[in-house]
Engineer: 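Below you'll find the structure I mean.
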Amino acid sequence: MVQFRNIKGTHDLFPEELKTWQMIEKKIHEIMQKYGYGEIRTPVFENTELFVRGIGTDTDIVNKEMYSWIDQGGNSLTLKPELTAPVIRAYVQNQLNKQHPIHRLYYFDTLFRRERPQKGRQRQFYQFGVEAIGSPYPEQDVEIISLAYGIYKNFGIEKMEVKINSIGSSEIRPTYLALLKKSLQKYIDDFCNSCKLRLQNNALRLFDCKNSQCQEILMEKAPYIFDSISSDDHAHFIDITRRLDEMDIPYVHDKSLVRGLDYYTHTTFEISSSSLGSQDALCGGGRYNDLIQQIGGKSTPAVGFAAGVERLILAIGGMKTLESSIDIYLITIGNEANAMASNIANELREKNDNIVILETLRRSMKSQMREANRCGAKHAIIIGEEELANGMVIIKDMKTSKQVELPSSDIIKFFNSKS
Ligand code: AMP
């Protein structure tokens with residue numbers, strides 16, 4: 001028999017783990033909405049060209065990590081490898097700019113990258129993130145950074161580092177890249193094969209390389225893009241850092257932080273946590289003032305971040321097995337009792353908001369009681385043939401084992417007084 005297995009780098013999530021997910025998701029929705037952000041959901045696949053144009057041809061994602069295929073109609077499609085380009089595609093396509101001058105959007109979504117799987121790095125993973133579209137001002141960058149920082153604080157993560165940088169506007173890039181290439185050309189033989197290509201095609205992406213020898217050359221020989229930015233962009237950056245100081249958000253200025261996607265301009269930032277091990281990035285983001293125009297919209301400034309959900313779970317200490325939340329297990333003997341119990345279960349769910357499980361395996365009384373214990377139900381309601389005939393039920397407190405017998409018509413009142 002063929003044994004099917006999940007694809008490497010993907011995970012199945014089961015009910016207990018998903019309780020942690022649901023708790024996280026709920027909290028994130030609440031915090032986002034407190035900041036005035038509204039949720040957006042985009043399709044799971046898009047035209048490949050959207051990502052090639054948005055992320056850039058010489059980036060790791062586009063070069064080697066996209067799940068792309070040609071469909072039956074001959075279109076090249078790709079499973080989302082990042083979530084900003086699809087949001088911006090939706091913004092442009094639906095002409096949201098005509099509705100308001102500013103849009104604050106957030107998402108909680110899944111994405112796909114063919115990376116080498118390891119702890120904290122998967123091929124299908126989840127991100128939450130925001131895109132604030134419309135404002136060019138530093139206060140918008142700061143809102144984004146403080147929102148990300150605030151979320152991690154809210155989850156009790158202490159060991160955080162915020163790194164921030166500015167890579168300036170795209171106008172300065174050709175001059176800087178020429179300078180970078182000139183400074184590094186003589187070391188080309190010492191770079192890894194990918195960096196050899198990067199140096200020719202898209203030299204800013206050299207900073208994405210994790211190879212220690214490449215990093216060493218960069219540290220010693222490469223000029224930083226920050227030192228080439230305009231005075232306006234410098235002022236923008238200083239304004240951000242001043243506001244972060246005022247908000248008591250600690251940060252370090254990391255001039256090598258350029259982020260691995262071509263659409264960034266001006267601010268780039270990352271939050272990491274030393275509790276995560278080698279894959280220590282919790283979230284990353286920045287400004288992307290050119291992306292909207294690049295994918296066919298009107299030039300509009302924007303800034304956002306994306307944060308890994310699995311990394312957040314690792315940072316809060318893994319999936320927590322939360323206490324069982326089942327209120328009542330309905331034990332029944334015989335068909336008629338079971339049919340009546342369905343109504344009782346629904347009434348308890350609707351009127352009392354109770355979490356109720358009804359036996360459907362027709363097990364013996366003893367097995368059903370064992371099951372009520374196993375799933376951690378707070379109470380069991382027992383309806384046997386005798387109880388059914390008398391219009392009574394037995395209610396057992398599973399912790400104290402105390403039992404009471406009462407008319408079935410009093411069940412709702414009984415559990416109402418418990419909540
Ligand atoms: P990026 O979209 O690459 O800027 O990543 C943003 C955040 O997503 C990172 O800071 C990580 O928290 C998370 N992340 C990125 N790649 C992966 C991956 N392969 N598996 C799990 N989480 C990831």
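Atoms within a ligand are numbered from 1 in the order they appear, just like the ligands themselves. For the numbers below, each heavy atom of this structure counts, side chains included, while hydrogens, waters and symmetry mates do not.
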Engineer: Which residues pass the side-chain contact (heavy atoms from CB on, under 4.5 Å) test with K119, sequence neighbours left out?
Structural biologist: L314

Engineer: For the pair D60 and R113, find out whether any cationic side-chain nitrogen is under 4.0 Å from an anionic carboxylate oxygen.
Structural biologist: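 Result for this pair is no, no salt bridge flagged.
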
Engineer: Can you list everything that forms a side-chain contact (heavy atoms from CB on, under 4.5 Å) with N47? Sequence neighbours excluded, please.
Structural biologist: L77

Engineer: Can you name the side-chain contact (heavy atoms from CB on, under 4.5 Å) partners of I70, sequence neighbours left out?
Structural biologist: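 In terms of side-chain contact (heavy atoms from CB on, under 4.5 Å), with neighbours along the sequence ignored, I70 is linked to S76.
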
Engineer: Protein residues near ligand 1, heavy-atom distance below 4.0 Å?
Structural biologist: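 Within the 4.0 Å shell of ligand 1, which is judged on heavy atoms, sit R113, E115, G120, R121, Q122, F125, Q127, R259, A281, L282, C283, A306, G308, R311.
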
Engineer: Does R243 pair with E139 as a salt bridge, N-O distance under 4.0 Å?
Structural biologist: yes

Engineer: Apply side-chain contact (heavy atoms from CB on, under 4.5 Å) to the pair H11 and E310, showing each step before the final yes or no.
Structural biologist: CA-CA 11 Å; H11 288 278; E310 288 83 356; over 6 Å; no

